[in-house]
Amino acid sequence: MALTRDDVVDAAVDLLAEVGLEGLSLRRLARELGVSAPTLYWHVADKRTLLDHVAERLLVDQWQVTPLAPGEDWADWLRERATAQYRALIAHRDAARVLAGNRPTEAAMPAVEEVLGTLVGAGFTPAQAFASLQAVGNLVIGSALEYQAERERDALAERSGGSGRSGHAGHDPARFPHHAALAALLADRPEHGADHDALFRHGLDLMIAGLRVQLGATVRSG
């Protein structure tokens with residue numbers, strides 16, 4: 001049976017889970033598929049194009065966008081989409097790094113169009129809608145990247161017998177009183193320093209609050 005692009009992307013997703021982004025190369029992927037490296041170029045132009053398709057596959061459920069329901073708040077709708085994307089990214093090894101720099105494939109364009117159309121329909125200008133989509137996307141990717149980076153740090157520390165979390169103690173409290181107060185808080189409630197979900201929600205809430213203010217100003221000026 002002839003090799004298809006779906007075969008290539010499926011193999012790349014499996015290889016990503018096994019060796020991470022650093023280990024994913026076209027040469028190694030060709031070896032896994034039992035073909036020569038030039039054969040892959042019939043299906044993907046280069047590694048970046050391959051990663052665009054891998055990103056599409058990892059977030060396949062995110063490209064099925066449910067339109068805004070009558071009476072539904074655009075902000076709640078946007079928050080739900082961003083949260084679902086964040087959870088999808090942290091579920092797959094290096095998915096945030098794959099998505100960073102991603103360009104939507106043809107299959108992803110209807111979802112992008114739906115989100116932009118929803119924001120424009122809520123009252124944002126097209127430029128504001130695009131900038132908002134980019135900003136929320138950057139927050140999602142950055143939050144997922146930080147989550148996965150800390151997990152890798154903890155795993156490495158566990159293998160070496162150390163502690164992966166950067167300490168908040170040991171600094172001179174006279175010079176860094178706020179840091180000392182934070183260290184005391186984290187000593188009593190260490191979950192405050194590791195709850196990436198809460199930090200993501202906090203950032204997303206701040207961003208959406210800012211978008212509401214921008215929308216209000218746009219409506220008033222219009």
Side-chain angles (χ1 to χ4, degrees), residues 6 9-10 13 16-17 51-151 189 191-222:
D6 281 343
V9 175
D10 285 342
V13 169
L16 178 71
L51 293 181
D52 288 343
H53 289 289
V54 170
E56 175 194 319
R57 186 63 54 81
L58 292 176
L59 297 176
V60 62
D61 292 339
Q62 306 307 311
W63 307 130
Q64 306 301 317
V65 181
T66 302
L68 190 69
E72 184 179 7
D73 181 23
W74 65 267
D76 291 340
W77 181 87
L78 184 62
R79 181 185 288 105
E80 184 177 344
R81 281 197 50 75
T83 302
Q85 189 175 72
Y86 168 75
R87 297 200 182 285
L89 286 180
I90 64 175
H92 299 282
R93 181 178 181 179
D94 284 344
R97 295 176 62 197
V98 171
L99 194 60
N102 166 256
R103 294 296 179 268
T105 63
E106 191 66 26
M109 285 305 296
V112 176
E113 180 71 12
E114 183 69 38
V115 176
L116 289 174
T118 297
L119 294 178
V120 170
F124 291 96
T125 68
Q128 288 172 339
F130 176 73
S132 300
L133 177 59
Q134 290 289 97
V136 172
N138 289 344
L139 173 68
V140 169
I141 293 171
S143 298
L145 182 62
E146 190 67 28
Y147 171 89
Q148 293 185 321
E150 183 160 327
R151 288 194 62 176
R189 303 185 67 180
E191 71 277 5
H192 278 34
D195 190 345
H196 287 277
D197 282 357
L199 291 172
F200 167 70
R201 290 194 301 271
H202 179 67
L204 185 58
D205 286 345
L206 289 176
M207 186 168 287
I208 288 179
L211 291 177
R212 286 192 187 279
V213 172
Q214 183 183 64
L215 178 60
T218 300
V219 171
R220 286 193 299 272
S221 65

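Numbering starts at 1 and runs along the sequence shown.
Around CD of E106, the count of heavy atoms belonging to other residues, nucleotides or ligands within 6.0 Å does not exceed 12. Other residues, nucleotides and ligands contribute over 12 non-hydrogen atoms within 6.0 Å of the CZ atom of R212. Within a 6.0 Å radius of CD in E72, more than 12 heavy atoms belonging to other residues, nucleotides or ligands are found.
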Please assess Y147 against D197 for the test side chain to side chain donor-acceptor pair (under 3.5 Å), listing each intermediate value before the final yes or no. CA-CA 9 Å; Y147 171 89; D197 282 357; over 6 Å; no

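Residues S143 and H196 fail the side-chain proximity criterion, which asks for heavy atoms closer than 4.5 Å. Looking at heavy atoms from C-beta onward, H92 lies out of side-chain contact with L59 at the 4.5 angstrom threshold. Taking 4.5 Å as the limit, some side-chain heavy atom of V13 sits within range of a side-chain heavy atom of L58. You'll find the side chain of Y86 stays beyond 4.5 Å of the side chain of R201, heavy atoms only. A heavy-atom distance below 4.5 Å is not found between the side chains of Q128 and L119. Residues W77 and V65 are in side-chain contact: their nearest non-hydrogen atoms beyond the backbone lie under 4.5 Å apart. In this structure the side chain of F124 reaches within 4.5 angstrom of the side chain of Q214, judged on heavy atoms.
Here the closest heavy-atom approach between residue V120 and residue P126 is recorded as CG2-CA, 4.0 Å. Shortest non-hydrogen contact noted between A95 and Q148 is N-OE1, 3.8 Å. Across all non-hydrogen atoms, the minimal contact from L215 to G123 is CD1-C, 3.4 Å. The shortest heavy-atom contact between L145 and A96 is N-CB, 3.7 Å.
Here the CG-OG1 distance, from L78 to T83, works out to 9.0 Å after rounding to the nearest 0.5 Å.
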